[in-house]
Amino acid sequence: MEAEKVVTDSVRREKYLAGTVSLETVLHEFDETSAKTFADYRKAFVDYDANEDALNNIAARYRAEQSQANARFIEAHLAMASSVTADEWKPLAKKEAKLLKDIKKAAAGSLE
Amino acid sequence: MNTIRKQRGQVLIIIVGTLFLGGAGLATGALSSGDTLKAMNKDIKALNLDDAREDQALDVLKRWKKAAKPVWKAHSKKGDEILDLLEDQHTTEVELRELFAEQADNTADANVQVAGIREELRAILKKDEWDRVFASKKAS
């Protein structure tokens, strides 16, 4: 684990790791929630009798779920960022950013 | 805790589709109908509609594709901006909230647009034709 190598102080390290767990929990929960919402959206989309309002209502539900997840994601991320020093943050953030960029690319490719 | 860490990569692959791309996926057809626009195009042609209605229906898909492109572009750009902010330790909560909200606004706009495009297609196709195009998606 990168954090175990980079963050030498055990208190800071535990705070940082706790932040990563919170962040992953948010992401995992949002994944489950949004998968259900997307499934409902698809179901309504292919139903000839479902009208525009039905779709827009599900989209509004997604928006609310997304906003809630975003707030929790930001909170967890800031907790991680504030738990380590600038020198420690640099390699940790770099690694995280690379991972997220690669995943973003893969996700975009899979949906196009 | 360890299990979560080990699964991190797998979890995030799905997540980023929703967090950074979100409902923009709906705009491309792949997430909204369970089908790609290309497949829908093929299924509509298979209906053997009269020329005028087929042209109308295919034109809707063409405009859908055209509308989806800038949505993807905007989402991707905003996603990159979010990633840059996340990398900076001094990024504030306000800055992050603002960008995430902008991304969510773009998603919401795209979803309203998709619902409108679907209405256009629904106005062209009869129920049985619609069901033939989306039959496999309805069953799944």
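Just so you know, these numbers use all the heavy atoms, side chains as well, and skip hydrogens, waters and symmetry mates. The chains referred to below are lettered A, B, ... by the order of the sequence lines, with proteins before strands, and numbering in each begins at 1.
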Nearest atoms (heavy-atom pairs only) where A/Tyr48 meets B/Asp131: CB-OD1, 4.4 Å
Residue, of B/Lys126, B/Lys38, B/His90, that accumulates the most heavy atom pairs under 4.5 Å with chain A: B/Lys126
4.5 Å side-chain heavy-atom contact, B/Phe134 and A/Phe45: yes
From CD1 (B/Ile82) to CG (A/Asn70), nearest 0.5 Å: 7.5 Å
Minimum-distance pair of heavy atoms, taken over all atoms of B/Val114 and A/Tyr41: CG1-OH, 3.8 Å
Max heavy-atom pair count under 4.5 Å with chain B, selected residue of A/Ala71, A/Ala44, A/Ala39, A/Ala50: A/Ala50
Salt bridge (charged side-chain N to carboxylate O under 4.0 Å, His left out): pairs with one or both residues in residues 53-62 of chain A, sequence neighbours excluded: A/Asp40-A/Arg61, A/Arg61-A/Glu65
Contact winner vs chain B - A/Ile58, A/Thr37, A/Thr85, A/Leu92, heavy-atom pairs under 4.5 Å: A/Thr85
Residue part contacting chain B, namely of A/Lys90, when any heavy atom lies under 4.5 Å: neither
Nearest heavy-atom neighbours spanning A/Asn56 and B/Asn111: OD1-O, 4.1 Å
For B/Ala101 against A/Arg63, the heavy-atom pair lying closest together: O-NH2, 4.3 Å
Side chain B/Gln89, main chain A/Ala93, donor-acceptor under 3.5 Å: no
Chain A contact via B/Leu125 - side chain, backbone, both or neither, heavy atoms under 4.5 Å: backbone
Salt bridge (charged side-chain N to carboxylate O under 4.0 Å, His left out): pairs with one or both residues in residues 109-123 of chain B, sequence neighbours excluded: B/Arg63-B/Glu120, B/Glu119-B/Arg122
Closest contact, heavy atoms only, B/Leu86 versus A/His77: O-CE1, 3.0 Å
B/Leu96 side, atom CG; A/Phe73 side, atom CZ - distance, nearest 0.5 Å: 8.5 Å
Top of B/Asp105, B/Thr91, B/Val112 for chain A proximity - count of heavy-atom pairs under 4.5 angstrom: B/Asp105
Contact origin within B/Ala104 toward chain A - heavy atom pairs under 4.5 Å: both
Considering all heavy atoms, the nearest B/Thr107-A/Tyr62 contact: CG2-CE2, 3.8 Å
